[in-house]
Every structure is written in structure tokens, then in C-alpha cells.
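Convention: sequence-line order gives letters A, B, ...; per-chain numbering from 1.
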Amino acid sequence: MATPNISSDLFQNQPSRSIDQEDICITCEDFSLSYGTKQALFDINLKIPTNRATAFIGPSGCGKSTLLRCMNRMNDLIDGINISGQMKLHGQDINTRDVNVTELRQQVGMVFQKPNPFPKTIFENVAYGLRLQGITNRTEIEDRVEWSLVNSALWGEVGDRLQDNAFSLSGGQQQRLVIARAIAVRPQVLLLDEPASALDPISTLKIEELIAELKSQYTVVIVTHNMQQAARVSDYTAFLYLGKLIEFGPTNVLFTAPGERQTEDYITGRYG
Amino acid sequence: MTDNKKIGFFQSGTPWVWLNAGAVSISMIMVIGLLVLIAVRGLGHFWPKAIWQIEYAENGGITKLIGERAKTESVSARQLREAGVKHNFEEEFVERTLLKIGNRDVYGFDFRLTLSPLENSASLPQDLIVLERTEWGNFYGELVAIEENGVSVQTSMEDLWDELSPRVKRVDELRDRISKIEKSEIGAINFKMEKLRLQTRAMELAGRDEADEKAGMATKKAALDEDYEALKSRLDVLYAEIRRDAVTLHVMTGEEVSINLSKVVKATRPNAMSTLTKVGHYFGNLIDFVSDDPREANTEGGIFPAIFGTVMMVLLMSIIVTPFGVIAAIYLREYAKQGFVTRLVRISVNNLAGVPSIVYGVFGLGFFVYVLGGNIDQLFYPEALPSPTFGSGGLMWASLTLALLTVPVVIVATEEGLARIPRSVREGSLALGATKAETLWRIVIPMASPAMMTGLILAVARAAGEVAPLMLVGAVKLAPSLPLDMNAPFLHLERKFMHLGFHIYDVGFQSPNVEAARPLVYATALILVAVIILLNLTAIYIRNHLREKYRTLEQ
Ligand SMILES: Nc1ncnc2c1ncn2[C@@H]1O[C@H](COP(=O)(O)OP(=O)(O)O)[C@@H](O)[C@H]1O
Ligand SMILES: [Mg+2]
């Protein structure tokens, strides 16, 4: 039951998995969300495993970004949002009053579709989150900046020009800088919302390689509209359609033997 | 085909381009024309002008006239006849000259009109001299003698001029020394005396009656009196010195007039000057104009206090308006819940910018000066009452009034700047665990700072040129002292100050000698424009620097 787009040998090296054997990081329970009167998410039930890459796929407007942004409460900024159900990080509901949002966001970092470096130097971009945490020790900051840039595969390119403005970097470099900025604060989870959609193919490849690296240390959740990308980088895939979670499972299973008709239609390119 | 072409011409937008280009050129021409007019009229004033000696047919005889040609225009002979000039002009048009004959103390007036057909001869004798004086305006005449201590100095006629120049220079130096003693040293003593007086009064008001305190004050006062006496005797010596020399000049009416050199600021022989010397004098005059105090009801001398006052006021205004405007804009844009109320506030703010400035002046006078200032006086300066400290117009109230006038501009510009900061950058900061305040402080405000500077630039341009409200809240014709000096607390916010805009109005329309003052109006206007441009250029430089620093992809 191979699809025309995704060849099954892509998955040959992947171990067969089951979500029941995984450590769970984020749990959605009957999670719904509406923007004013318009409901965008319907009773989502989802378990995101620790130190794995999970991809959200689905046609445009199906609620992938909305769901992702709920995981570090970026939607707090939007007026008129209503949520119900629960979103848990390590078993703890993140939408209760006693949760400190800034601490949550330090644990759950986020990278956006378009690179959004600050108009500061490369060094200061990466050091930003550290300074927010109140770290003032110069050597500590330098060490962490270097570590982040090394881990985001950018050190080789910018190690000798840390004092340049971040906007002097190319788009792909900027996106890796933003990833470096996110991992500098040592989050547990990294949310990536179409991180490569604004980049050229070579930069995309670099970002994908980087994600493959990062998932050994971080729980990675990536939104993508590119199914090959989902197949290449993720261990688990969730397919959303019109605000509903249609199917969730190990990537190789979902792509080679989708359990739902809609999933199959989508990954064979019949719509979306 | 032709039809298509016609439509093509209009659709192509070419007429629009021409229309717009035309509008731009007209604006440019008007601005440049204005600047050129002001520059020519204003800067021409400082050029050493030739002094004519004219034999003029008048009242059936010949009169000798000496003076500068201030303005020449052509008038029709008919018009002159109708005005009662009894002369048969051959030409239809006659040149009429306004001759500045000076010597107001001798003749009673210092301008007169001449008609070219009646000028029998006109020459430029080398030895005519101009004396610029501390009072009564310029003096024109021929040098006859120099007296030192009432005894005339024996030199040949040719050397008389060479004898005069060093003496004028000596007087100038003495005058500088006198004014330094009078202004700074005696000024400081007066300042301390006044303080002592106020302290005594405060003691009385508080009902305290401590003997040693009183004794201490008495000794202080005695010491000040002693200092004053010492300075006074030094001054007396200098005054005697400065009055040593006098010159005698032969004026056009044939009289000989003696003038004490202590009254002379400058002596020149423009007819004998080479062009190069004239250039030197020109720049000398220009520098004197921007660095000297005004004389003779502002119609002579310089405008330094007015420049100083204008700059001080604008700087203070900027210091007040920036934080106010920026904080208000941040609240409106970032924190306030967008809705009916914020819309109402915004509309009010925008309309504030359209309120006539004199209304702000009235508000400033009624609220700042009388209410705030009056209460400050009651609370903090009761010992000085009934003479007001903050209870009358002053630098602080003027700056506050203008800050109020310009705050809408800063708010609007800052709001626009904040709105332009991309959401993605804010989200980037929030996603790293920054609070809203941290994001604002570390990312958004720095990025919006060029827009804030734009607001400030507009505010400065508006404030520096504003005159009407200032007349009510602290600008004066002649301020006794600058708002910044060496007496603690150095910056005297309660003092009245001079302002270039008000100075123009005063010199041009309130002065006793309008003809003499007219070039000064242009020159002062030019300086005002230059000051505003300079202030703006500084702000623009800072803004461009900030823009470069916070440059993002979108811009
Ligand atoms: N701020 C918002 N206000 C109202 N509706 C929104 C907002 N953001 C997204 N939506 C709606 O929610 C739905 C899901 O959007 P989104 O999560 O961005 O989709 P995706 O990322 O899968 O393309 C869409 O129908 C979109 O129109
Ligand atoms: Mg999206």
C-alpha cells in the first residue's frame, strides 16, 4: 500500500515503534479551542513522546499552528480565545492559574516560520534568553552561546563574527540562529512551526539534519506541510483535518499503512 | 490607433507625474525663495556700507548730506508732485533714496529721503568715519581731533585715524572688564545678598529668633558688603579709565561734536577699506551679532541671549515631552484595551495638535503660572512673596507649555513606530520566556526609537518656531540674566528668557526705530531658521544612527 509520493524504503532503517512504550512528554486530553465563535480545534487527544520528533501534517488552515502554539501558551496573546480540555506537560496542566507562563516558555521553546532574529549582534541574539534568566557571568554566557551555536550547526559559519548584526546572515543561517537562541535556554521541548518553508532547498536540508540531531536531546514537535519532510525527520506523525485529529501513529506506519481513508487521501495527494 | 494613444497617455499616468513634479517644484521654489530673501536681506546688513557725501539742492540752497544709502526705489514724478514736491522733473521716474544719516542725538532723526535729480554731486571721501555707539545709533562724520583727559592729542591730520583705532580697542577691553565685574562678580554678590535676605525673611516667617543664627547672617552680609565695596572701587577706577578719551567730529551740518570714546563700540572708515578688509569686518560683525548682548532696545548689538534662550527652551521641552509622549503612546498601543475609550483618547490627542497655540499659552498662564506656580511659591518660596518666583512666566513654564503643545506629535509618531514592529519579533522574545515588559524594554522600544526621534524632530520644529504662547508664559523683550549661570543651582528654571521668535516680533514691530531695525529682523529670522535646522539635523543624525543600529529586514 505504498504511496506514490513516499517510498517505503525511507522507513527501512527505522525501528518499529509503539507509543505505549514511550515516555510521554505532552498530553492533550479532549482539547478544544475556538477563536471567538469560530472553533478551530475539536477534542484533540494526543500523546507526544519524550526525545522523539513528532510531526503535525494536514492541509492549510486545519489547526496545526493553533495546536502547536497552545503547547507554550503563545495563544495567550490573542483576545477572545476559549479553550476547554487539558494540555499537560509531564502530567501537569499548563493552563491553570498557578503555572508561570514565562517558566513554561523557557521549558517549551518555539521557532517560527519566518526567521525572526532581533536587531542585535549574533552573540546578543543567542545570549538574549540567558540574560532574561538573570545570568550575568560573562564566561558562562560565552560558553552557552558557543555551545548553542555548535549544536545548531552554525558555529563553523559564524564563530569568527559573533559581533556582526544578525541580519547580515542568510535566511537559512538566520533560522539556525533562531534555533540556537531557542536551545540556549535549555528547553525540554522545541516547537517548530514550518521552520523550513521560507528557505531554499539546501538550507532546508541543513535544518532537517539539525532536527535529526536535536531529537536525541529534545522533544521536537514540528509542523510541516511537506510530507516528505515529515517522513524524513519525524518518528511520529499526527494528521489533522478541519480542526480534528484524524490519525496519530509512528511515521512509518502512518505513511505506509494509514488507518483512515482521509489520511490516505491526503498523503496520496488527493487534496490539500 | 490615435484614440488608443490618447487613452494610453492618460492611463500611463504621465499627466500625474507632471502634476506632482510641478507641485514639488513650486514648493521647492517657495522654500528656497524664502530662504534666499531672508539670507540676502539679513546677511547684507553686516557688510560695511559706503558712506556718501552728497550735495543736495534743497530750500533754494545746497545742503551737505553724509550717510549710507539704505534703500533706493523708483517713484513716478507725478506721484511726487502730488505729494507736494515743488520741482519740475524732466524724467517720468525718479530714484528716491532712503539715506541713513545717523547722529540721532544731533539731528533728532536718523533717516531722510533724497531724490536723485536734486543730488548735485555724490562722492565717497576716504576719511569719513562711522562710529558705532552704545546709544543713539551710528555716528557719521569727519575726524577733527582726539582728546586725552581733555587735552587734545598732537598729531597731523593724517595720523589721526591711526591714533584712534588703538584707543577704541583699549576702550573695548576696558568695557569687557567692566561688564565682567558687573555681570559675574557683582551679579554673584547680588545673588548671595538676595539669598541672605530671603533666609532672614524665612526666619522671620517661621518665628524663629536665634541670636547666633542672626549674628552669622550679619557677618555674612558684612563680608558681602565689603566684597561689594572692593569691587565698586575697582569699577570706579575702570570707569575713570574708560572715560579718558574723546573724539571731535565734523558733521554734515558743519557743527563739531565731541563724543566720549566710552560710548563708542566700533570705529570704521568703510570708504577707505579694501574688499578684503571689508570681508574681515563682515565676519567680525556677524560674529558680534550672534555673540553679543542687544543694545538700545534691541535695535543694535547682538542676539546672543535670544539664541541661548531658544535653544535652552527647546532642549528642556524635548526633555519633558519625550518621556511623556513615549509613555503615553506605549500605554495606548501596548497595554490599553483597544476599544471605544482608546479611540476617543486617540481622537482627542490628534485634535490637540490642531488647537491654536495661543490657547496653549492661555492655558499655560492660567494653569501652570498662576495655579501651579502660585502654589509652589506659597509652599516653597513664601519668604520671597509678594514678588513671585515660579508664580510668573519663566523658562520652565514655557517649556512645559510647549511640551503640551507638541506631545500629540510625539504620541502619534511613537504609536506608528510601535505598530510597525513586526509581531514575529515580539513573539520571538516572548517565546524565550520574556515577559511583556521585558520584551517592550529590550526589543520593542529600541526598535521603535527611530520613530520616537521622528516625533521629537517634528516637535522641535514646531516648538522652536512658536512665539504666541511664549509671550504669555515667559519670553521677554530683555532678560536681565541668562537662565544658566555660575550661581548655584546653575539652571534657573524660574527665570524669564529671550527667544528669537519673540525677538523678531519685538524688533520688527515694537521698536522705536523701525527703519534701523529692519535688517536685524531678517538677520534674526535667518538665525532662527539656522538654529532650528541645526537642532533638527542633530536629531536626524541621532535617528539615522538608531535606524542603522536597529535595522531589520522589513525596512
Ligand atoms: N488569530 C486568529 N483569529 C481567528 N481565527 C484564527 C486565528 N488564527 C488562526 N485562525 C483560524 O484557525 C484555523 C486554524 O489556523 P492555523 O492553526 O493557523 O492553521 P494551519 O497552521 O494548520 O494552517 C484557520 O481556519 C484560521 O483561519
Ligand atoms: Mg500554520
Side-chain angles (χ1 to χ4, degrees), chain A residues 65 68-69 71-79 100-121 124-134 165-171 174 177-187 189-193 198, chain B residues 326 330-343 346 414 416-454 542-555:
Chain A
S65 298
L68 194 74
R69 290 165 62 91
M71 292 175 176
N72 69 346
R73 290 182 57 180
M74 283 310 276
N75 284 335
D76 284 12
L77 307 174
I78 299 165
D79 286 335
N100 183 331
V101 184
T102 61
E103 272 173 28
L104 170 73
R105 289 182 186 148
Q106 280 167 15
Q107 288 171 31
V108 186
M110 186 160 196
V111 172
F112 300 85
Q113 184 169 354
K114 262 173 71 184
N116 58 350
F118 304 132
K120 295 170 181 276
T121 62
E124 282 305 321
N125 259 278
V126 184
Y128 183 80
L130 305 174
R131 295 199 195 281
L132 284 178
Q133 290 183 349
N165 195 303
F167 286 100
S168 63
L169 300 175
S170 73
Q174 285 183 15
L177 178 68
V178 172
I179 293 174
R181 189 172 78 185
I183 62 176
V185 297
R186 304 255 167 93
V189 185
L190 212 49
L191 308 174
L192 305 156
D193 192 349
Chain B
V326 167
I330 288 175
Y331 181 75
L332 271 182
R333 170 67 51 180
E334 304 285 335
Y335 285 108
K337 198 166 171 298
Q338 303 298 315
F340 179 71
V341 178
T342 40
R343 243 204 340 273
R346 247 180 227 126
T414 307
E416 273 171 18
L418 291 172
R420 268 206 306 272
I421 308 302
R423 204 187 134 107
S424 65
V425 183
R426 296 163 192 260
E427 288 191 335
S429 169
L430 292 168
L432 288 169
T435 60
K436 186 166 185 173
E438 283 168 332
T439 304
L440 270 175
W441 190 245
R442 290 169 186 246
I443 304 287
V444 177
I445 292 178
M447 283 178 80
S449 56
M452 295 169 194
M453 285 305 290
T454 304
I542 297 173
R543 178 182 63 181
N544 290 352
H545 184 75
L546 290 171
R547 267 202 190 142
E548 188 54 34
K549 193 165 168 196
Y550 299 112
R551 169 174 54 107
T552 57
L553 276 186
E554 282 80 6
Q555 279 166 355

About how many Å separate [atom2] of [Y] and [atom1] of [X], when rounded to the nearest 0.5 Å?
X: Asp76(A); Y: Leu104(A); atom1: CG; atom2: CG; result: 9.0 Å
X: Met110(A); Y: Asn72(A); atom1: CE; atom2: CG; result: 5.5 Å
X: Leu332(B); Y: Arg346(B); atom1: CG; atom2: CZ; result: 5.5 Å

- Message: Quick check: closest heavy atoms across Phe167(A) and Pro119(A), and the distance to 0.1 Å?
- Response: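 Heavy-atom minimum between the residues: CE1-CA, 3.6 Å.
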
Among [options], which residue forms the greatest number of heavy-atom pairs with chain B at distances under 4.5 Å?
options: Gln113(A), Arg131(A), Arg69(A), Lys120(A); value: Arg69(A)
options: Gln107(A), Glu103(A), Arg181(A); value: Arg181(A)
options: Leu191(A), Val108(A), Thr102(A); value: Thr102(A)

- Message: Could you check whether atom CZ of Phe340(B) has more than 12 heavy atoms from other residues, nucleotides or ligands sitting under 6.0 Å from it?
- Response: no

- Message: If I measure from the heavy atoms of chain B, does Leu77(A) come under 4.5 Å with its side chain, its backbone, both, or neither?
- Response: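 Contact with chain B is through the side chain of Leu77(A) alone.
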
- Query: Which bit of Arg73(A) is near chain B, if near means a heavy-atom gap under 4.5 Å: side chain, backbone, both or neither?
  - Reply: neither

- Message: Taking the six-membered ring of Phe118(A) as reference, does the cationic atom of Arg442(B) (NZ for Lys, CZ for Arg) lie under 6.0 Å from its centre and within 45° of its axis?
- Response: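 No, Arg442(B) does not sit over the ring of Phe118(A).
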
- Message: Which atoms of Arg426(B) are under 4.5 Å from chain A, going by heavy atoms: the side chain, the backbone, both sets, or neither?
- Response: neither

- Query: Given that the side chain runs from C-beta out, which part of Lys549(B) has a heavy atom under 4.5 Å from chain A: side chain, backbone, both or neither?
  - Reply: backbone

